[in-house]
There are 2 protein chains.
Amino acid sequence: MATSQNPPASTAIKRPPRLGDEVYNTIYAQLMSQKILPGSRISIDNLARELGVSQTPIREALSRLEAQGLVVKTHLIGFSAASQMDRTRLDQLYELRLLLEPFAARKAATLMSSEQFEALKRMTDDMRNDRGQGRVSYSEFARLDSQFHDLIAQASGNDLVQETLANLHTHVHLFRLFHHQQATSDANAEHAKLIEAFEARDQDRAEQAMRTHVERSYARFRSFFED
Amino acid sequence: MATSQNPPASTAIKRPPRLGDEVYNTIYAQLMSQKILPGSRISIDNLARELGVSQTPIREALSRLEAQGLVVKTHLIGFSAASQMDRTRLDQLYELRLLLEPFAARKAATLMSSEQFEALKRMTDDMRNDRGQGRVSYSEFARLDSQFHDLIAQASGNDLVQETLANLHTHVHLFRLFHHQQATSDANAEHAKLIEAFEARDQDRAEQAMRTHVERSYARFRSFFED
DNA sequence: CTTTAGCAAATACTATAGGATATACGGGAG
DNA sequence: CTCCCGTATATCCTATAGTATTTGCTAAAG
């Protein structure tokens, strides 16, 4: 099945791109890099003019972002970027994450392929190396951390759990970005514990390592609410 | 809070209704009652003509349904109702449900208000009474069962968990409908156990009762895949 | 002089209609 | 029987009309 859907690149015709996708990626990137601030209005008209497309693909992209909880819509008012999580929301998010992610790690410990494990290991190495470069590499750290967690969720074999965790992770990312939290060496040490457990294919240790990792992450974030 | 947002009807101004919502409810109802069969195409043009509105509100409604996983979209092809869950998907759904719903029941056992408990009790009574009327009352049973589970999730105090469970429940409903499974007296007995646990505010018993309920539900569904 | 109420213009969303293009289906030639 | 081609249908996107909200200005009252 390798070449069946890959005719020689020379003959490959360009299919009409989905404008909705392009718009989605553009807005998503702007949200994730705080070019659009939490709570600020997002005008359909302005976006249509800026991006040089009509309103329909804009609406489609914003609908998808709304389903992810990244933007909210108010009737006859319009879209705006989701406001920053409050304390209650953060608690709920981590409560859910603590239910899902240690479980995913436990399953991944037995189901993970060696290719997946190698990829995971490379990511942790890259994250450690990048950290030395200081704050400019945070976006790269965030990207790798996101991939790291997503790969574990994927290795759990449960698509629904993977999707749910991916969604939670985008909100964690936004929260971290908003509060200017740096990548910590703590996180890297916790990732290392996870790698060890996966290498040993030890379910209990993997679950426990993930639980510890998530709990510590929670503790690091909670401090932002204590004044 | 009763009258605060209900000024005298005479002065009440009519706000323009959201056509997208009306369309959403219409399509949702048709999906949930199998007027639209799983996998069948859903034409935007046809819907627009049938409902007497233009394409924009149709697309908005379908986008929301797509986010729920009830319809799928293929570029340049269009929308179609999601195909029926296969065995793998059912396994994944129940794996997730078993992570969330017993936990929700445990939390609800301590957090539930007496009003919520009374409402819950009324639902179980109604479900038992309705059952005697035979198959015509299935839709009513489904509605009450959905409310029953949603109320417990709500009482857990975690909105994210509640939303996730609500979404899972719609798919369970579709699966049950497709396989013509009747409301079982087993389910009513399992609900009764839950009620007992909530009345005693016993976390362990509530969690265990819910786990048993979900596991038995899983077993009832799994039988459809054994030929 | 400051503040508030009311009106008017601009802004932006909702919904409609129409044009360009890709897919699907059916008939005919090889 | 297979393959190619033309027609029909539906989607994707654009452009535009219709309305609700918002903003800013003016005027009047405290």
Side-chain angles (χ1 to χ4, degrees), chain A residues 4-7 11-28 30-31 35-67 70-83, chain B residues 5-7 11-28 30-31 35-37 39-67 70-83:
Chain A
S4 64
Q5 60 183 10
N6 274 334
T11 66
I13 55 169
K14 60 170 172 65
R15 294 193 171 284
R18 282 193 281 192
L19 282 186
D21 278 3
E22 314 261 1
V23 174
Y24 174 88
N25 289 330
T26 302
I27 303 175
Y28 183 86
Q30 292 190 6
L31 285 169
K35 293 213 176 65
I36 300 175
L37 294 172
S40 64
R41 292 277 301 273
I42 301 178
S43 157
I44 295 179
D45 274 6
N46 284 347
L47 272 175
R49 275 189 290 273
E50 270 178 46
L51 304 180
V53 298
S54 81
Q55 297 186 1
T56 303
I58 306 276
R59 295 171 81 99
E60 199 238 316
L62 287 173
S63 279
R64 280 161 60 187
L65 289 165
E66 187 191 16
L70 293 176
V71 306
V72 294
K73 182 184 177 184
T74 314
H75 183 47
L76 297 178
I77 302 290
F79 289 91
S80 48
S83 57
Chain B
Q5 59 183 10
N6 276 331
T11 65
I13 55 174
K14 61 170 173 65
R15 294 193 172 283
R18 281 194 281 192
L19 284 186
D21 279 3
E22 314 261 1
V23 173
Y24 174 88
N25 289 330
T26 303
I27 304 177
Y28 184 86
Q30 291 190 6
L31 285 169
K35 294 213 175 64
I36 299 175
L37 294 172
S40 65
R41 290 278 299 276
I42 300 177
S43 157
I44 295 179
D45 272 8
N46 285 347
L47 272 176
R49 275 191 290 273
E50 268 178 46
L51 304 180
V53 298
S54 81
Q55 296 184 4
T56 304
I58 307 276
R59 297 174 83 94
E60 200 240 317
L62 287 173
S63 279
R64 281 162 59 188
L65 290 165
E66 188 191 15
L70 293 176
V71 307
V72 293
K73 181 184 176 185
T74 313
H75 185 48
L76 298 177
I77 301 291
F79 290 91
S80 48
S83 56

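Residue numbers start from 1 in every chain, and the chains themselves are labelled A, B, ... in the order their sequence lines are given, proteins ahead of strands. Because only heavy atoms are used, hydrogens play no part in the values below, and waters and symmetry mates are left out as well, while side chains stay in.
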Enquirer: Check this for me, if you would: do B/Glu60 and A/Lys73 make a salt bridge, where the nitrogen-to-carboxylate-oxygen distance has to be below 4.0 angstrom?
Expert: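 Salt bridge flag = yes for A/Lys73 with B/Glu60.
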Enquirer: What string of B, S and - do you get for nucleotides 6-12 of chain D, 5' to 3', if B is base contact, S is sugar-phosphate-only contact and - is no contact with any protein heavy atom under 4.0 Å?
Expert: ----SBB
Enquirer: Measuring from A/Arg41:CZ to A/Thr74:OG1, what's the distance to the nearest 0.5 Å?
Expert: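 The CZ atom of A/Arg41 sits 8.0 Å away from the OG1 atom of A/Thr74.
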Enquirer: Just how far is it from atom CD1 of A/Ile27 to atom CD of A/Glu22, taken to the nearest 0.5 Å?
Expert: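 Taking CD1 in A/Ile27 and CD in A/Glu22, the distance rounds to 12.0 Å.
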Enquirer: Could you measure the distance from the CD atom of B/Gln30 to the CD atom of B/Glu50? Nearest 0.5 Å is fine.
Expert: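 It comes to 7.0 Å.
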Enquirer: Please identify which of these residues, B/Leu65, B/Ile58, B/Leu62, meets the side-chain contact (heavy atoms from CB on, under 4.5 Å) condition with B/Val23.
Expert: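 In the set B/Leu65, B/Ile58, B/Leu62, the residue that makes a side-chain contact (heavy atoms from CB on, under 4.5 Å) with B/Val23 is B/Ile58.
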Enquirer: Whole Å only: how far is the CG atom of A/Leu47 from the P atom of C/dA12?
Expert: 11 Å
